[in-house]
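Just below is one structure, and these are the notes that go with it.
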Amino acid sequence: MGYDLHITRRDFWADDGNEIPKAEWLTYAQTQPNLRVAEADEVWLSPAKGEDWPIWWFQGTIDAKNPPDSVIQEMAHIALALDATLQGDDGEHYDTNAIRSDPHPPSPKPGFLSRLFGKSQ
């Protein structure tokens, strides 16, 4: 089991509606030098530092499983470009605006489970 990050236009990534259309995602991915569209519309992200990482479109969101910091940073850039947000599985929002002035990965706001059980992330 892993922890996914989601690029989404929804208030909560698992809700219905307000999808990022697959055609929009693939068109965007094909124009980016750090993204490679492979067979079956699979997309690989190549961060400046680190190994290629699979990210995928699924039911209107763009997801990655257990991404390292370099991939999180790139996903934050993608979210900004697609007028979307970056959320963790618990619905915590990553501050994509922080990447405009800070080269380090944005920190998530505490998710629902963290707030419920008083644990910081």
Side-chain angles (χ1 to χ4, degrees):
M1 184 171 211
Y3 193 80
D4 293 349
L5 286 183
H6 314 273
I7 297 171
T8 182
R9 292 181 178 150
R10 301 171 182 153
D11 291 333
F12 179 65
W13 67 270
D15 290 343
D16 290 329
N18 207 13
E19 295 186 355
I20 297 169
K22 186 175 186 178
E24 178 184 351
W25 163 237
L26 291 174
T27 298
Y28 173 80
Q30 290 168 343
T31 66
Q32 301 304 304
N34 64 336
L35 296 173
R36 178 175 48 88
V37 180
E39 294 179 25
D41 297 333
E42 182 178 80
V43 176
W44 290 81
L45 186 140
S46 299
K49 296 180 181 178
E51 298 179 24
D52 288 358
W53 203 266
I55 57 177
W56 62 91
W57 181 94
F58 182 72
Q59 297 181 346
T61 65
I62 300 155
D63 307 320
K65 183 169 287 305
N66 298 324
D69 287 347
S70 60
V71 171
I72 294 170
Q73 180 70 24
E74 294 296 330
M75 289 181 75
H77 283 282
I78 294 168
L80 279 173
L82 295 177
D83 193 28
T85 62
L86 183 59
Q87 294 181 27
D89 274 345
D90 292 337
E92 69 278 16
H93 288 260
Y94 284 68
D95 185 6
T96 53
N97 289 319
I99 67 168
R100 295 173 196 239
S101 60
D102 184 356
H104 302 291
S107 299
K109 296 176 184 175
F112 172 74
L113 295 177
S114 297
R115 291 190 309 269
L116 182 65
F117 295 108
K119 295 179 183 177
S120 62
Q121 296 197 345

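These numbers come from a predicted model, not from an experiment.
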Identify all side-chain donor-acceptor contacts of residues 19-27 below 3.5 Å with residues at least two apart in sequence or on another chain.
residue	atom	partner	partner atom	Å
Glu24	OE1	Arg9	NH1	3.2
Glu24	OE1	Arg9	NH2	3.4
Glu24	OE2	Arg9	NH2	2.6
Thr27	OG1	Ala23	O	2.8

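Under the side chain to side chain donor-acceptor pair (under 3.5 Å) criterion, Thr61 pairs with Asp63, sequence neighbours left out. Partners of Asp4 under the salt bridge (Lys or Arg N to Asp or Glu O under 4.0 Å) rule, at least two apart in sequence or in another chain, are Lys65. Considering only residues two or more places apart in sequence or on other chains, Gln59 meets the side chain to side chain contact (heavy atoms under 4.5 Å, CB included) condition with none of them. Shown here are the side chain to side chain donor-acceptor pair (under 3.5 Å) partners of Arg36, two or more places apart in sequence or in another chain: there are none. The side chain to side chain donor-acceptor pair (under 3.5 Å) test applied to Asp15 returns no partner, not counting sequence neighbours. Every residue two or more places apart in sequence or in another chain that forms a side chain to side chain donor-acceptor pair (under 3.5 Å) with Asp89 is listed here: His6. With sequence neighbours excluded, the residues satisfying side chain to side chain contact (heavy atoms under 4.5 Å, CB included) with Glu74 are Asn34, Leu45, Pro47.
Taking all atoms of both residues into account, the shortest heavy-atom contact from Gln87 to Thr8 is NE2-CG2, 3.4 Å. Of all the heavy atoms in Ile7 and Ala84, the pair that sits closest is CG2-CB, 3.8 Å. Contact record, Ala79 with Leu86: CB-N, 4.2 Å, taken as the closest heavy-atom pair.
The main-chain N or O of Asp90 is found under 3.5 Å from a side-chain atom of Tyr3 such that the two form a donor-acceptor pair.
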Query - Full working for side-chain contact (heavy atoms from CB on, under 4.5 Å) between Leu5 and Val71 - result: CA-CA 10 Å; Leu5 286 183; Val71 171; over 6 Å; no
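Residue Asp52 qualifies as enclosed at atom CG: its count of foreign heavy atoms under 6.0 Å is above 12.
Rounding to the nearest 0.5 Å places CG of Leu82 at 5.0 Å from CD1 of Ile62. Put simply, CH2 on Trp57 and CG on Asp41 are 10.0 Å apart, with the number rounded to the nearest 0.5 Å.
When the side chains of ILVMFWY residues are joined at heavy-atom separations under 4.5 Å, either directly or via intervening members, Tyr94 and Ile78 end up in a single hydrophobic cluster. Under a hydrophobic clustering in which Ile, Leu, Val, Met, Phe, Trp and Tyr are joined whenever their side-chain heavy atoms come within less than 4.5 Å, directly or via other members, Ile55 and Tyr28 fall into the same cluster.
Other residues sharing a hydrophobic cluster with Trp44 under the 4.5 Å side-chain heavy-atom criterion for ILVMFWY residues do not exist; the residue is a singleton.
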